[in-house]
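Inspection log for the structure reproduced underneath, given as structure tokens.
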There are 2 protein chains.
Amino acid sequence: MERADAARNRAKVLAAANRLFAAGDPRSVTMDAVAREAGVGRGTLYRRYPDIPSIATALLDEHERSLQEKLLGGEPPLGPGAPPARRLAAFYAAMTDLLEQHIHLTLGAESGSARFATGAYGFWRAHVRMLVKEAGVPGPDALSDILLAPLEPELFAYQRGRGRGVEEIKSALETLAERTLAAG
Amino acid sequence: MERADAARNRAKVLAAANRLFAAGDPRSVTMDAVAREAGVGRGTLYRRYPDIPSIATALLDEHERSLQEKLLGGEPPLGPGAPPARRLAAFYAAMTDLLEQHIHLTLGAESGSARFATGAYGFWRAHVRMLVKEAGVPGPDALSDILLAPLEPELFAYQRGRGRGVEEIKSALETLAERTLAAG
DNA sequence: AGCTAAACGGACACAATGTCCACTTAACGA
DNA sequence: TCGTTAAGTGGACATTGTGTCCGTTTAGCT
């Protein structure tokens, strides 16, 4: 179990990191800056988090877990019960909201291939793969990764930065979902 | 115009960078290492290329240009003449081959959002956008970026690393293309 | 109160970045 | 062929970030 001072410092670190991610460019937040902002030593920081993405991922996990529960046992169309195409569209919409709300965290967590290594990605893939199979579309293994690609945080940030609205993105993703998994 | 020694050094730099990208992890090639491998000073290197992605992009451009010409004026289904869904599938297949062949360069060029800033990305987007419009699918602006997302080099490398074959990926992309742009 | 193991924090060695500037050399005209 | 000159060169430098190491502190338990 965790000692009291350790717990206190973990909280300080997470709060400080959250502040820094939100303040400027999330991709240029450094371990050094987090330690300074949190008022702890470098050694203390490295004891728990090996790098910046792991901190961002820790902050993100909390928000993602809520969506994961809705996918598993929530109301349709997010949860079980609706047709696959509808469920994929609902998943896209929920993920888009999540990106919009926490874009600075997702950009902080982004480190190229690190994205695929997280537990969360594995969850999303398993979910989409299940929907693809249920829709009877061939090649669910490759297709599930492909259908997740448009949710890449960098792409979302790029699209938003070009003045594209959240609704426009959601709507395009809905088109993609309906056409790809349409009953046929 | 370019002086003789400058041209010589540019060639040395590009050759050295190509060697380094191919040798190890393309994402951990440094400007320092390129300068050393090329046998030129740091100042010389920085005079022409401000960072690693710009070097990788320069190496890549040559290969991409050939595909761009085929898209504009080559034989169908890559070039004009075939239905949009078929053309998108052909484009996906060609890009997959390009990724497979030059994955180390594309990974070297990858630097988060830098990918979207290149001229090549603009070309691909314009092409896909045109196909989406031609197919009469709504929301071509957002959809063209979304349909390009599965070609992200990191994702391709990840899929290949998990033992997925090139043909399997191509086939899934073909499914995506046919279903998304199918004549309604 | 005293013990112990966990936690702390800052110093250190290392690696990479980007800039600066004194020196070199290719190109060109006399 | 030889000066001139501006482009090109290369390495030293200051700066920033990384990850580790270890002497010191402190929470939790008896």
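Quick note on labels: first sequence line is chain A, next is B, and so on, each numbered from 1.
Inter-residue side-chain proximity for A/F123 and A/L71 is flagged as met; some heavy-atom pair is nearer than 4.5 Å. Within the 4.5 Å cutoff, the side chain of A/R115 has heavy atoms near those of the A/P153 side chain. With contacts defined as side-chain heavy-atom distances shorter than 4.5 Å, the pair A/R48/A/S54 does not qualify.
Chain A approaches DNA chain C within less than 4.0 angstrom (heavy atoms of the protein), and the contacting nucleotides run 5' to 3' from C/dA5 to C/dA11.
In this structure, the salt bridge (Lys or Arg N to Asp or Glu O under 4.0 Å) partners of A/R19, at least two apart in sequence or on a different chain, are A/E37. Scored by the salt bridge (Lys or Arg N to Asp or Glu O under 4.0 Å) test, A/R47 finds no partners at all (sequence neighbours excluded). Here B/R162 pairs with B/Y158 under the side chain to side chain donor-acceptor pair (under 3.5 Å) rule; sequence neighbours left out. When the side chain to side chain donor-acceptor pair (under 3.5 Å) test is applied to B/R129, the partners found at least two apart in sequence or on another chain are B/D141. When the salt bridge (Lys or Arg N to Asp or Glu O under 4.0 Å) test is applied to B/E75, no partner is found at least two apart in sequence or on another chain. Checked against side chain to side chain donor-acceptor pair (under 3.5 Å), B/E62 has no partners two or more places apart in sequence or in another chain.
A/T118 places a side-chain N or O within 3.5 Å of a backbone atom of A/Y121 that can act as its donor or acceptor partner.
In this entry the distance linking CG of B/D32 with P of D/dC13 reads 15 Å, nearest Å.
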Sort me out a list of protein N/O and nucleotides 26-28 of chain D N/O pairs below 3.5 Å, or just none if empty.
residue: D/dT26; atom: O2; partner: A/R3; partner atom: NH2; Å: 3.4
residue: D/dA27; atom: O4'; partner: A/R3; partner atom: NE; Å: 3.4
residue: D/dG28; atom: OP1; partner: A/A4; partner atom: N; Å: 3.0

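Listed by residue number, the members of residues 35-60 of chain B with any heavy atom below 4.0 angstrom from DNA chain D are B/V40, B/G41, B/R42, B/G43, B/T44, B/R47, B/R48. Within residues 21-31 of chain A, the residues that have a heavy atom under 4.0 Å from DNA chain D are, in order of number, A/T30, A/M31. The stretch residues 11-19 of chain A has no heavy atom under 4.0 angstrom from DNA chain D at all.
Under a 4.5 Å side-chain heavy-atom criterion applied to ILVMFWY residues, the cluster that includes A/I55 comprises A/V13, A/L14, A/L20, A/F21, A/V29, A/M31, A/V34, A/V40, A/L45, A/Y46, A/Y49, A/I52, A/L59, A/L60, A/L105 as well.
The side chain of B/N9 contributes an N or O atom lying less than 4.0 Å from OP1 or OP2 of D/dT9.
In this structure, CG on A/L78 lies 9.0 Å from CZ on A/F91, to the nearest 0.5 angstrom.
Aromatic ring pairs are classed by plane angle as parallel below 30°, tilted from 30° to 60° and perpendicular above 60°; the pair B/H102 and B/H104 is tilted.
Ion pairing between a basic and an acidic side chain is recognised when a charged N comes within 4.0 Å of a carboxylate O; B/E168 and B/R160 show no such pairing.
Checked by atom type, the side-chain pair B/D97/B/Y92 shows no donor-acceptor distance below 3.5 Å.
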